[in-house]
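Remarks on the structure that follows.
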Amino acid sequence: MLSPEEFREEYDDEELAAELPDSPISSLRSIQYLYGKLYTLGTLGGGQYAPYLTPDAADDIIDTEDSLIVVRVDVSDDEPSLADDDRGPVWVTRYSDDLVQSVSHCKYPAARGIDHSVTHQAGQNSNPEKLARYAKERLTKWPVDDEVQDVADEHVDGWIIDALAALGENEETLESVESGVTDALGGESTTALLTVQVKTEPDGDYRWPGEIDGFMEAMRRRKLSKLVTKNKADDSSGDATDLVTGDGARTVGTAEDPQNYFLGKQLEKFPGLDIEEAWRSHPISEDAAITVMNADTFVDECSYRTFGAKVYYLPYFQRVPTPDSARELYGLLYHATKDEDMTPVERAYQELRNRESEYELRFYVSAVMPHQMSRYDVFGETMNGRLLYPKTLAVEHNNVVDKTAAFQSDSGRTAPMPTHDGWDLLTEDNNRLHPVSTGWYFRETFAERDDDEAAADDPRIEALIAVLSGDSIAVETLLEEYVDRIDTDENDETVESFPSFRVASQFAQLCALATDELDLLSTDDPGKESITREPNYEEDSMETAAQILATDGGNAAAEKLETFIEDTPALAHDPDASLNDQRRGAFLLGVLIGEVGGYQNYSEERSTTLIDQYPVKSITRTRIKKVTQEAIGKTITYTRNEDRTITLFEHVVERLRETILRPDPDEWEIETDDLRFYYALGVTYGMNDHPDWEQTETDTEEES
């Protein structure tokens, strides 16, 4: 395949423009058509037969030992015979780059049946006996195929095809081919292409299939025949308007599809489909169908597997393709075939960032769930995927965990949420675009599932497609998934304590998705609308301990809690968002449970704390008042034991008393997942709430 630089040198503007569609890219089919055009230009170039060939089908055996087996035939005399020169009737050699065009392989993409071309691809590591059979079929099976024989009857080179067929009827010739193959391989198995060379003139050379027009026309005719007979159709063709070019043409109904999306087997996509009439519901001309099939290599390279599904992420530029945009796109697709470690969105970001063409770049995005070899479910489909959303999400998540007061603090107390170098979603990561675009970003926060039994309605896939396309994710989905994952972690025997880092990761994700620039959260519930708003955390927004002491008498913990609540739209008091007060009540209860649990752990050295006593799954609207009473009672007990004059964790207790009673929990309307997630967030806050000892030591050293 030509490199982007070679491609640029090979085709000038005029030549390239002549090959490009003259209408805007507006459908998956038009993307595939453009990919197919670029692929053909980048491999075998132009020419009548180039779109029909599959030069990459045997790419893995290029320049390998014994990868090309050639049956050599002399038809230059009246009686055809096998070659009797020094090279002999069977030649086993290497299939090299310079032979790709000469061999002219056209693969039939099915588990059974011979290839369209006289050149045939054997299976992996076939034994000599099987290879000998395939070699003989170059004479016994391909030349007598109905489509090939039709060409033999009409074409000027038809006599060469007939000569091959005549040789195939000679048992002595076939025995010579068989022994020639087995002797040449010395009993060893190999992976190879099998083809012929034919001498047609007494003084001429032996010619490859690509040098014999009759062979190429027969190959073309065989391939076209499959466009109308797949899935047991007799003739699924008719005159209609080609949906790709808009021209009137003979259209076909059962063409191969790189994604198996438009095949007649997809009865769920085309209810009541009559295979014979498939060309009416999906008319595509013969030439366009062949070009679309050639998109397979590029389409496959722009896909990856995640959550048991295959996600397609096909880049294209809006508007009518131009030579410049075609070269840009070819470069993206070429590099996709060379670099398996990057997703298409990462590659596009690396090559196009801060360039004007980035703004015209779009992606066709879909997730495909395979059920059988050729029957898939397609969902999450959009033409409007943009680099903006995954790129911005990656940047915003980094900002949240690395720069905002929710995760960073220099006030003398710890930040509201913990960070940890061992948790990727809690540290700045310059490569975060990769986990975002592959879906790992949601694998870390959503409920766990068995990917071997992936389902089309997997929320992780829905979230991934939403981020790739800029569609919103329902807040209800996030809360349900978050709470399920927290519950799983709490019951995981390998997790020693409350999964505060998981909760903090989920909260960072929630904040990043809510960023105004992305606006990727949605809800139909007015009570949850505040969760979709961007938080107000700012870098260094918190006052230092000295500042707090100077202004309000010195409760840094209370000031920190107050600031976090006020900067969190889902928790702040809002007369238009009554559920905020209930959500804040659940959060404050969690904070107190976390604070007391931490106290029990470190001061009392208790292995079982209130955090263990009240796991997230145990919190309901009906229980919250009782749990609150018990948690406050516990703080009073510890306060008395220490002979304190001020209640332990008073700043939480007093705030909780005020919130939990207005309205009374018996009248709360907040949904369970909402309640539990913000309770878990509170526990995480409470566990992490203490003086920042490292900061204190630093300040002390500076003062001394």
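Since the model is a prediction, treat every value here as computed from it, not as a measurement.
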Inset, instruction - Say whether Tyr364 and Glu381, considering side chains only, have a donor N or O and an acceptor N or O under 3.5 Å apart. - result: yes
Legend entry - Euclidean distance, Leu561 CG relative to Leu588 CG, rounded to 0.5 Å: 6.0 Å
Legend entry - Step-by-step side-chain hydrogen bond (donor to acceptor under 3.5 Å, both in side chains) determination, Thr382 to Ser469: CA-CA 7 Å; Thr382 179; Ser469 61; 4.9 Å; no
Inset, instruction - Check the surroundings of atom CG in Asp664: do more than 12 heavy atoms from other residues, nucleotides or ligands lie under 6.0 Å from it? - result: yes
Inset, instruction - Check the pair Gln32, Arg29 against side-chain hydrogen bond (donor to acceptor under 3.5 Å, both in side chains), reporting the backbone distance first and the verdict last. - result: CA-CA 5 Å; Gln32 292 172 328; Arg29 277 303 197 210; 2.8 Å; yes
Inset, instruction - Kindly indicate whether the side chain of Thr684, heavy atoms from C-beta on, has any atom under 4.5 Å from the side chain of Met687. - result: no
Inset, instruction - Just say parallel, tilted or perpendicular for the rings of Phe363 and Tyr313, cut-offs at 30° and 60°. - result: perpendicular
Inset, instruction - Run the numbers on Tyr441 and Asp424 for side-chain contact (heavy atoms from CB on, under 4.5 Å), then give the verdict. - result: CA-CA 9 Å; Tyr441 186 65; Asp424 289 340; over 6 Å; no
Legend entry - Salt-bridge contact Asp674-Arg621 (side-chain N to carboxylate O under 4.0 Å): no
Inset, instruction - Spell out, as yes or no, whether a donor-acceptor pair under 3.5 Å connects the side chain of Asp612 to the backbone of Thr609. - result: yes
Legend entry - Stepwise side-chain contact (heavy atoms from CB on, under 4.5 Å) test for Glu671 and Asp525: CA-CA 11 Å; Glu671 293 183 357; Asp525 182 352; 4.2 Å; yes
Legend entry - Cation over ring face, Arg583 and Tyr678, 6.0 Å, 45°: yes
Legend entry - Salt-bridge criterion met for Glu559 and Arg413 (N-O under 4.0 Å): no
Inset, instruction - Measure the shortest side-chain to side-chain distance between Cys302 and Leu333 over non-hydrogen atoms and say whether it is less than 4.5 angstrom. - result: yes
Legend entry - Shortest non-hydrogen contact between Ala367 and Ile461, atoms and distance: CB-CG2, 3.7 Å
Inset, instruction - Answer yes or no: is there a donor N or O on one side and an acceptor on the other, between the side chain of Thr414 and the main chain of His690, under 3.5 Å? - result: yes
Inset, instruction - Using atom types as modelled and distance alone, determine if a side-chain donor or acceptor of Gln506 lies under 3.5 Å from a backbone N or O of Tyr482. - result: yes
Legend entry - Tyr304 vs Pro344 side-chain heavy atoms within contact, under 4.5 Å: yes
Legend entry - Where Leu468 and Ser437 come nearest, the two heavy atoms and their spacing: CD2-CA, 4.2 Å
Inset, instruction - Write down the atom of His397, the atom of Leu425, and the distance for their closest heavy-atom approach. - result: NE2-O, 2.8 Å
Legend entry - Side-chain donor/acceptor of Arg347 to backbone N/O of Met342, under 3.5 Å: yes
Legend entry - Contact summary for Phe317 and Leu329, nearest pair of heavy atoms: CE1-N, 3.8 Å
Inset, instruction - Quick one: do Lys560 and Tyr685 satisfy side-chain contact (heavy atoms from CB on, under 4.5 Å)? Show the steps, please. - result: CA-CA 11 Å; Lys560 170 186 161 184; Tyr685 180 105; 3.3 Å; yes
Inset, instruction - Would you kindly say whether Asp324 and Thr322 are connected by a side-chain donor-acceptor distance under 3.5 Å? - result: no
Inset, instruction - Would you indicate whether the side-chain heavy atoms of Tyr334 and Leu38 approach each other to under 4.5 Å? - result: no
Legend entry - Modelled atom types, side-chain donor and acceptor of Tyr537 and Thr568, under 3.5 Å: yes
Inset, instruction - Using atom types as modelled and distance alone, determine if a side-chain donor or acceptor of Glu428 lies under 3.5 Å from a backbone N or O of Asp402. - result: no
Inset, instruction - Report yes if some heavy atom in the side chain of Val683 is under 4.5 Å from a heavy atom in the side chain of Val503; otherwise report no. - result: no
Legend entry - Backbone of Asn384 reached by a side-chain donor or acceptor of Arg362 within 3.5 Å: no
Legend entry - Test: Glu360 and Arg319 ion pair at under 4.0 Å: yes
Inset, instruction - Determine, step by step, whether Arg485 and Phe446 satisfy the side-chain contact (heavy atoms from CB on, under 4.5 Å) criterion, reporting the C-alpha distance in whole Å, the side-chain angles of both residues, the deciding distance to 0.1 Å, and the verdict. - result: CA-CA 6 Å; Arg485 186 60 177 271; Phe446 279 34; 5.6 Å; no
Legend entry - Rounded distance (nearest 0.5 Å) linking atom CG of Asn398 with atom CG of Leu393: 10.0 Å
Legend entry - Pair Asp484-Arg676, salt bridge (charged side-chain N to carboxylate O under 4.0 Å, His left out): steps then yes or no: CA-CA 10 Å; Asp484 277 356; Arg676 288 176 176 171; over 6 Å; no
Inset, instruction - Begin from the C-alpha positions of His573 and Asp581 and carry the test side-chain hydrogen bond (donor to acceptor under 3.5 Å, both in side chains) through to its verdict. - result: CA-CA 6 Å; His573 177 68; Asp581 295 341; 3.1 Å; yes
Inset, instruction - Mark yes when over 12 heavy atoms from residues, nucleotides or ligands other than Glu658 sit less than 6.0 Å from its CD; otherwise mark no. - result: yes
Inset, instruction - Report yes if the side chains of His651 and Glu595 come closer than 4.5 Å at any heavy-atom pair, otherwise no. - result: yes
Legend entry - Residues Glu476 and Thr523: side-chain donor-acceptor under 3.5 angstrom: yes
Inset, instruction - Would you check if the side chain of Thr620 reaches a backbone N or O of Arg623 as a donor-acceptor pair within less than 3.5 Å? - result: yes
Inset, instruction - Would you please name every residue forming a ring pair (Phe, Tyr, Trp, His ring centres under 6.0 Å) with Phe649, sequence neighbours left out? - result: none
Inset, instruction - Find out whether Val591 and Asp689 are in side-chain contact, i.e. whether some heavy atom of one side chain is under 4.5 Å from a heavy atom of the other. - result: no
Inset, instruction - Determine yes or no for a side-chain-to-main-chain donor-acceptor pair under 3.5 angstrom, with Glu490 supplying the side chain and Val616 the backbone. - result: yes
Inset, instruction - Could you tell me the separation between the OG1 atom of Thr427 and the CZ atom of Arg432, rounded to the nearest 0.5 Å? - result: 6.0 Å
Legend entry - Pair Glu529 + Arg533: basic N to acidic O under 4.0 Å: yes
Inset, instruction - Please collect all salt bridge (charged side-chain N to carboxylate O under 4.0 Å, His left out) contacts where either partner lies in residues 497-510, sequence neighbours excluded, each pair once. - result: Glu444-Arg502, Asp489-Arg502
Legend entry - Minimum side-chain heavy-atom gap Leu510-Thr445 below 4.5 Å: no
Inset, instruction - Grab the two heavy atoms, one from Glu566 and one from Ala572, that are nearest each other, plus how far apart they are. - result: O-CB, 3.9 Å
Inset, instruction - Look only at the side chain of Asn688 and the backbone of Ala415, and say whether a donor-acceptor pair between them is shorter than 3.5 Å. - result: yes
Legend entry - Closest non-hydrogen atom pair between Ala631 and Ile593, with its separation: CB-CD1, 3.8 Å
Legend entry - Phe564 and Phe507 aromatic ring geometry - parallel, tilted or perpendicular at 30°/60° bounds: tilted
Inset, instruction - List the steps and the verdict of salt bridge (charged side-chain N to carboxylate O under 4.0 Å, His left out) for Arg655 and Glu562. - result: CA-CA 9 Å; Arg655 191 79 192 260; Glu562 178 68 22; 2.4 Å; yes
Inset, instruction - Measure from the side-chain N and O atoms of Thr659 to the backbone N and O of Leu656, and report whether any donor-acceptor pair falls under 3.5 Å. - result: no
Inset, instruction - For the pair Phe298 and Tyr35, name the ring-plane relationship: parallel under 30°, tilted 30 to 60°, perpendicular over 60°. - result: perpendicular
Inset, instruction - Check the surroundings of atom CG in Asp421: do more than 12 heavy atoms from other residues, nucleotides or ligands lie under 6.0 Å from it? - result: no
